[in-house]
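A short worksheet on the structure shown next.
Protein chains get the first letters and strands the later ones, always in sequence-line order, with residue 1 at the start of each. The shown structure was predicted, so the numbers you read here are calculated from the model rather than taken from an experiment.
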Amino acid sequence: VVTYNTLMDGYCLVNEVNKAKDAFNTMTKRGVTPNVRSYNIMIKGYCKIKMVDEAISLFKEMHRKNLVPDTITYNSIIDGLCKSGRISYVWELVDEMHNSGQPPNVITYSSLLDTLCKNNHLDKAIALFKKIEDQGIQPNVYTYTILIDGLCKGRRLKTAQDLFQHLLIEGFHPNVRTYNVMINGLCIEGLLDEAMTLCTKMEDNGCLPDAVTFETIIRALLEKDEKDKAENLLRAMITRGLLKV
RNA sequence: CUCAAUUA
C-alpha cells in the first residue's frame, strides 16, 4: 500500500491525476486494498485540478467501503470545495466533522479563513480567528499569515500590522511568506520605503528575502516610476542568485 | 506514504 500511495502522490504532485487513478485501480485489481491515505491522496489530487466532484465521489466511496474519513480527508475536500466556491457543502462537512468526533483543527480553520478573506468577508474572517482561539486551538504562522494577507488586500493595513505585532509578541516566528504578505501590504498602500525597511529587517531576523519578496517590491517601484531603485533591487537579486542571467 | 498561506 505504501508503495502505491507514494506513487500516486508523486503523480498528483505533477498533476498527473489520471495516472494516479490508474495506480489506484491497479492496486485494487492486484488485491491491495486502498487505505484512508490512498483516498486522501486521490481526493487532494482531484481537488488540486478542480475536479471536486470526483473528489466527492471518492469520499462517498469511502463510506461504502467502510473506511472512516480522518481529519485529513475532511480537510482536503473542504479546502477543495472552498477554493472552487462551493461553500454550502463545506458547512455540512464541518458539522459532520463535529458529529463524527473529529472536530476541525487548525488546518480546517485555515482553509475556511482563507476563503473568507479571499471572498472579502474580512469581518467574518476576524470573527473566525477569534473563534479559533476561543475553542482553544492555537493559531499558527499559517493562520496569522492568511489573515494578515486578507487584511492587507482589504486595505486594512493598520489592523494587519497590529496582527503582525501580535504574532511576534506571542512568540511566533514569521517566515518568508509572512514577511512577503506584509511587504505586499505596504506596497499596496504605496509605502515603499517601509516595504524596503521591512525587507532589511526580515534579513536581520534571519529570514532571507526570496524572489517573491524582491518581485513584489520591484513591481511596486516600477508602478511608481522609481526605475533606479528597481534596478538596484534587480541587481541585488542577481547577486543573490535569485535571478538567472 | 496523505491536509492549509505570499508577488505576477
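Residue A:Asn140 is in base contact, counting any heavy-atom pair closer than 4.0 Å across all strands shown. Using a 4.0 Å heavy-atom cutoff across all strands shown, A:Ile146 reaches sugar-phosphate atoms only and no base atom. Residue-level contact check: A:Asn175 touches the bases, meaning some heavy atom is under 4.0 Å from a base atom. Using a 4.0 Å heavy-atom distance criterion, A:Val212 is classed as a base contact.
One side chain, A:Tyr109 or A:Gln135, offers a donor N or O that lies under 3.5 Å from an acceptor on the other. Side chains of A:Asp70 and A:Thr73: a donor on one and an acceptor on the other come within 3.5 Å. Looking at A:Tyr4 and A:Arg30, their side chains do bring a donor and an acceptor atom within 3.5 Å of each other. Side chains of A:Asn35 and A:Ser38: a donor on one and an acceptor on the other come within 3.5 Å.
A salt bridge is absent between A:Asp210 and A:Arg240: the closest approach of a Lys/Arg side-chain nitrogen to an acidic carboxylate oxygen does not fall below 4.0 angstrom.
Side chains of A:Pro174 and A:Leu167 form a contact here, defined as non-hydrogen atoms less than 4.5 Å apart.
Once you apply a 4.0 Å limit to the heavy atoms of chain A, the touched nucleotides of RNA chain B run 5' to 3' over B:C1 to B:A8.
For RNA chain B, the residues of residues 25-54 of chain A within the heavy-atom distance limit of 4.0 Å (strictly under) are A:Arg37, A:Asn40, A:Ile41, A:Lys44, sorted by number.
Of the possible donor and acceptor atoms, none in the side chain of A:His63 sits under 3.5 Å from a partner among the backbone N and O of A:Phe59.
Within the hydrophobic cluster formed by Ile, Leu, Val, Met, Phe, Trp and Tyr side chains joined at under 4.5 Å, directly or through other members, A:Leu7 is accompanied by A:Tyr11.
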